[in-house]
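Just dropping this structure here.
Numbering of residues begins at 1 and proceeds along the displayed sequence. Quick caveat: nothing in here was measured; it's all calculated off a predicted structure.
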Amino acid sequence: ISFSCGREYEPCYTSLSPEAKEINPYSINQTIKWENQNGIIIEGKITEQKTERFIPSTPGQECEMSDNEDYITTISFNNFIFNVKIRSTTTDKISYSFEQRENNYPKYVFDVYEIPVNAFTDFYFKNVLYQNAIVAYGYSGNDEGPRIAIFSKEKGIEYVQYSNTNWYKR
């Protein structure tokens with residue numbers, strides 16, 4: 001393959017390590033229950049899990065690209081879905097993200113880039129102990145205040161805060 005940089009290019013493929021694949025605690029057809037700030041329980045179901053090859057296409061970096069492996073889990077609810085993604089970035093680092101999609105468009109995205117596979121740790125948030133977990137920060141097209149999500153190796157998405165007043169927890 002020849003790009004504008006004038007040299008032949010073969011992408012470097014980075015697959016997910018066995019340790020990285022174990023970070024995803026979900027299994028197909030599993031039911032997930034969350035409670036919101038009003039005490040309402042919502043249920044989602046794991047409807048799809050797949051591995052995809054991701055090829056970045058950043059203009060001007062054609063000769064520095066690498067291919068990455070993504071492991072994607074879809075959690076379906078009545079009127080939205082979550083796509084949870086673990087991506088290989090190097091042989092010992094991953095990126096973790098999930099997005100809430102409504103009508104097939106991303107509404108909120110939460111992510112952590114290039115963290116060591118062993119970066120998961122124990123911490124307290126709002127007087128709750130989260131074990132073997134990481135915090136992902138979120139954004140959307142509108143400004144609704146801070147957004148964070150907590151993901152653990154054992155339970156997956158444990159807490160999602162959309163704004164100062166709207167949240168879900170397992």
Side-chain angles (χ1 to χ4, degrees), residues 16-54 56 68-89 93-170:
L16 285 165
S17 68
E19 296 86 8
K21 288 180 181 178
E22 290 175 7
I23 291 171
N24 186 333
Y26 301 115
S27 57
I28 201 77
N29 294 322
Q30 175 185 2
T31 299
I32 307 293
K33 292 182 181 183
W34 280 307
E35 179 181 358
N36 73 7
Q37 71 279 353
N38 299 320
I40 297 171
I41 304 294
I42 63 166
E43 286 189 16
K45 189 172 194 171
I46 308 303
T47 56
E48 182 177 31
Q49 290 185 307
K50 62 184 176 182
T51 302
E52 288 184 351
R53 193 169 182 174
F54 172 76
N68 305 92
E69 185 175 62
D70 289 348
Y71 187 63
I72 303 166
T73 298
T74 300
I75 307 171
S76 298
F77 294 86
N78 284 337
N79 53 356
F80 66 92
I81 65 169
F82 279 137
N83 282 330
V84 180
K85 184 184 300 180
I86 299 170
R87 172 174 291 158
S88 63
T89 56
K93 291 187 178 180
I94 59 163
S95 288
Y96 165 79
S97 68
F98 79 89
E99 63 183 10
Q100 179 179 333
R101 298 180 73 82
E102 294 180 12
N103 299 320
N104 210 27
Y105 292 99
K107 183 171 182 179
Y108 300 100
V109 178
F110 298 83
D111 50 31
V112 179
Y113 289 107
E114 297 220 356
I115 60 169
V117 174
N118 62 358
F120 290 72
T121 187
D122 299 349
F123 59 89
Y124 282 91
F125 179 76
K126 294 191 176 188
N127 297 319
V128 175
L129 175 63
Y130 293 94
Q131 296 178 311
N132 215 0
I134 57 171
V135 174
Y137 294 93
Y139 54 92
S140 72
N142 51 28
D143 186 22
E144 298 173 352
R147 285 172 284 286
I148 67 161
I150 298 173
F151 179 88
S152 74
K153 287 183 180 181
E154 288 78 24
K155 295 181 182 177
I157 302 167
E158 289 200 55
Y159 180 87
V160 180
Q161 179 176 315
Y162 293 105
S163 66
N164 291 327
T165 57
N166 298 324
W167 51 264
Y168 292 107
K169 67 178 179 179
R170 280 189 78 177

Do Ser88 and Glu69 have a side chain donor and acceptor closer than 3.5 Å?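 Their side chains do not contain a donor-acceptor pair, so the 3.5 Å distance test is not met.
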Distance (rounded to the nearest 0.5 Å) between Asp122 CG and Asn132 CG: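 The distance works out to 6.5 Å.
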For the residue pair Val160 and Gln100, establish whether any side-chain heavy-atom pair is separated by less than 4.5 Å.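 Result no, sub-4.5 Å side-chain heavy-atom pair not found.
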Gap between atom OH of Tyr26 and atom CD1 of Ile28 - 0.5 Å precision: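 Here the rounded value is 13.0 Å.
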Could you tell me whether the side chain of Phe98 reaches within less than 4.5 Å of the side chain of Ile75, counting heavy atoms only?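 Sidechains of Phe98 and Ile75: no contact.
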From the options Asp111, Val84, Ile23, select the one residue that forms a side chain to side chain contact (heavy atoms under 4.5 Å, CB included) with Tyr96.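 The residue from Asp111, Val84, Ile23 that satisfies side chain to side chain contact (heavy atoms under 4.5 Å, CB included) with Tyr96 turns out to be Val84.
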Might you work through the salt bridge (Lys or Arg N to Asp or Glu O under 4.0 Å) test for Glu35 and Lys169, ending with a clear yes or no? CA-CA 5 Å; Glu35 179 181 358; Lys169 67 178 179 179; 5.0 Å; no
I'd like to check Phe151 versus Pro25 (side-chain heavy atoms, cut-off strictly below 4.5 Å). Are they in contact?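 They are in contact (side-chain heavy atoms under 4.5 Å apart), so the answer is yes.
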For a ring pair (Phe, Tyr, Trp, His ring centres under 6.0 Å) with Trp34, tell me which candidate from Trp167, Tyr159, Phe77 qualifies.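 Among Trp167, Tyr159, Phe77, the one meeting ring pair (Phe, Tyr, Trp, His ring centres under 6.0 Å) with Trp34 is Phe77.
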With a 4.5 Å heavy-atom cut-off, do Arg170 and Ile32 have their side chains touching?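 Result yes, sub-4.5 Å side-chain heavy-atom pair found.
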Determine whether more than 12 heavy atoms belonging to other residues, nucleotides or ligands lie under 6.0 Å from atom CZ of Phe123.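 Buried by this count: over 12 neighbours within 6.0 Å.
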Please determine whether the number of non-hydrogen atoms from other residues, nucleotides or ligands lying under 6.0 Å from atom OH of Tyr113 exceeds 12.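 Not more than 12 within 6.0 Å, no.
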